[in-house]
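Below is one structure; the comments refer to it alone.
Any value given below was found using the heavy atoms of this structure, including those in side chains, with hydrogens, waters and symmetry copies removed.
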Amino acid sequence: GDFEAKFNRTGEAVIDWRFDTTTNHSYIYQIDEGGESVAIINSGTGKVEGHFNGVGSPKGIALSAPGATGLSPTIFVSNFGQGTVTAIPIGKIQPGQPICTAVQELQDDISQRLFMETGRNPMGIACEYTGVAMGAVVNQADNDVQFFDTRTLQPVDNLGIGTLTQKYPVGENPIDVVFTPPIPGAGIFALIVSQGGEDNPKGSVALWNNNTGGIFSATSGAVLGSV
């Protein structure tokens, strides 16, 4: 049935791709901007079963694809005020099983998390969803998109797709990024949405592709254009 979970001020959310086969439930990871945390919601009951604290002005959230970060899936949170991305492994949380102990361990042991410096005011964040270990975050105040290795939060180095320049200029005030379905032989594509500013008040959508110098070249990736 329907349910409602109350928060101070909500942001984006992702649902865990692992489901309990008996209850057919999973967990939803919901940005709670007002509480500066990520709420963990039981998708079957709507109950908030815990929070990941220690994030600052969270805006965007993404979940790694199966296999992209090893056996343990990871959530990535963009911290607007801090200028960082936080990676939180969630492999200890298993749908259908109590999570109190797992959440407590992840909250208390910050060493299990990874952190990455971004540009100014990171907003939307996304992970490539076919299993390639790469993600992207847009930096609103810098008008660029920044790519990273989801396993290390370092710049992408090879992965069979070349070594990417970490940041690429896009339109004014970018707010979100998404990876497109893969196109065989054409590389990896991402779309970056910008809400616009003084120079382009109508906003724009930029198309990024990694196959500019050959998909296995030493350096590859460029914004092909925008509309």
Side-chain angles (χ1 to χ4, degrees), residues 1-66 68-116 118 121-129 135-140 148 150 153 175-179 193:
D2 295 336
F3 59 78
E4 181 180 19
K6 295 185 179 297
F7 300 93
N8 293 323
R9 188 172 66 253
T10 59
E12 296 181 353
V14 292
I15 187 167
D16 199 330
W17 39 262
R18 301 168 300 163
F19 279 81
D20 178 67
T21 56
T22 301
T23 63
N24 200 32
H25 102 277
S26 187
Y27 286 109
I28 300 168
Y29 300 91
Q30 170 76 61
I31 292 288
D32 182 0
E33 293 187 16
E36 294 204 325
S37 66
V38 177
I40 307 165
I41 306 170
N42 185 311
S43 68
T45 65
K47 179 183 177 182
V48 178
E49 299 196 9
H51 288 82
F52 290 128
N53 299 312
V55 292
S57 304
K59 288 292 184 183
I61 187 169
L63 175 67
S64 62
T69 50
L71 297 177
S72 176
T74 301
I75 57 173
F76 300 87
V77 181
S78 61
N79 303 302
F80 185 84
Q82 296 178 348
T84 60
V85 164
T86 302
I88 305 174
I90 57 172
K92 291 184 178 181
I93 297 176
Q94 295 293 327
Q97 299 180 12
I99 65 171
C100 295
T101 302
V103 172
Q104 194 63 40
E105 288 176 356
L106 288 168
Q107 284 180 338
D108 293 345
D109 189 0
I110 301 299
S111 66
Q112 295 188 45
R113 302 182 183 182
L114 294 176
F115 301 90
M116 178 184 78
T118 65
N121 303 143
M123 288 280 290
I125 189 168
C127 293
E128 202 281 337
Y129 56 86
V137 60
V138 294
N139 299 310
Q140 187 178 44
F148 58 89
T150 54
L153 289 190
I175 57 174
D176 215 348
V177 57
V178 64
F179 287 94
V193 179

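A heavy-atom distance below 4.5 Å is not found between the side chains of Thr74 and Ile88. The closest side-chain heavy-atom distance from Glu36 to Asn53 is not below 4.5 Å.
Of all the heavy atoms in Tyr27 and Gln94, the pair that sits closest is CE1-O, 3.9 Å. When all heavy atoms of Ala39 and Val48 are compared, the closest pair comes out as CB-CG1, 4.2 Å. In terms of heavy-atom proximity, Val137 sits nearest to Pro122 at CG2-CB, 3.9 Å. Taking each heavy atom of Phe179 and Ala126 in turn, the nearest pair found is CE1-O, 3.7 Å. Closest heavy-atom contact between Pro73 and Trp17: CB-CZ2, 3.7 Å. For the pair Ala87 and Leu153, the tightest heavy-atom approach, listed with the atom from each and the gap, is CB-CD1, 3.9 Å.
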Ser57 vs Glu33, test: side chain to side chain contact (heavy atoms under 4.5 Å, CB included). Steps then yes/no. CA-CA 6 Å; Ser57 304; Glu33 293 187 16; over 6 Å; no

Intermediate values then yes/no, side chain to side chain contact (heavy atoms under 4.5 Å, CB included), Ile28 and Val14: CA-CA 6 Å; Ile28 300 168; Val14 292; over 6 Å; no

Any chance you could lay out the side chain to side chain contact (heavy atoms under 4.5 Å, CB included) test for Phe76 and Met116, step after step, and finish with the verdict? CA-CA 10 Å; Phe76 300 87; Met116 178 184 78; over 6 Å; no

Quick one, Phe52 with Thr86, criterion side chain to side chain contact (heavy atoms under 4.5 Å, CB included). Give me CA distance, side-chain angles, the key distance, then yes/no. CA-CA 11 Å; Phe52 290 128; Thr86 302; over 6 Å; no

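At least one donor-acceptor pair under 3.5 Å links the side chain of Ser26 to the backbone N or O of Arg18. A donor-acceptor contact shorter than 3.5 Å links the side chain of Ser78 to the backbone of Gly60. With hydrogens and angles disregarded, no donor-acceptor distance shorter than 3.5 Å links the side chain of Thr84 to the backbone of Phe115. Under the 3.5 Å distance criterion, the side-chain polar atoms of Gln30 are left unmatched by any main-chain donor or acceptor of Ile40.
Among Asn139, Ile125, Asn79, the single residue meeting the side chain to side chain contact (heavy atoms under 4.5 Å, CB included) criterion with Thr118 is Asn139. Screening Ile15, Thr23, Thr22 for a side chain to side chain contact (heavy atoms under 4.5 Å, CB included) involving Phe19 leaves a single residue, Ile15. The side chain to side chain contact (heavy atoms under 4.5 Å, CB included) with Tyr29 is formed by just one residue from the set Leu63, Val77, Ile93; it is Ile93.
Taking OG1 of Thr150 as the reference point, atom CD of Glu128 lies at 9.0 Å (rounded to 0.5 Å). Between the CD atom in Gln140 and the CG atom in Asp176 there is a gap of 11.0 Å [rounded to 0.5 Å]. Separation of atoms CG (Leu114) and CZ (Phe148) is listed at 10.5 Å; rounding is to 0.5 Å.
A salt bridge between Lys59 and Glu12 is absent, with no side-chain N of the basic residue lying under 4.0 Å from a carboxylate O of the acidic one.
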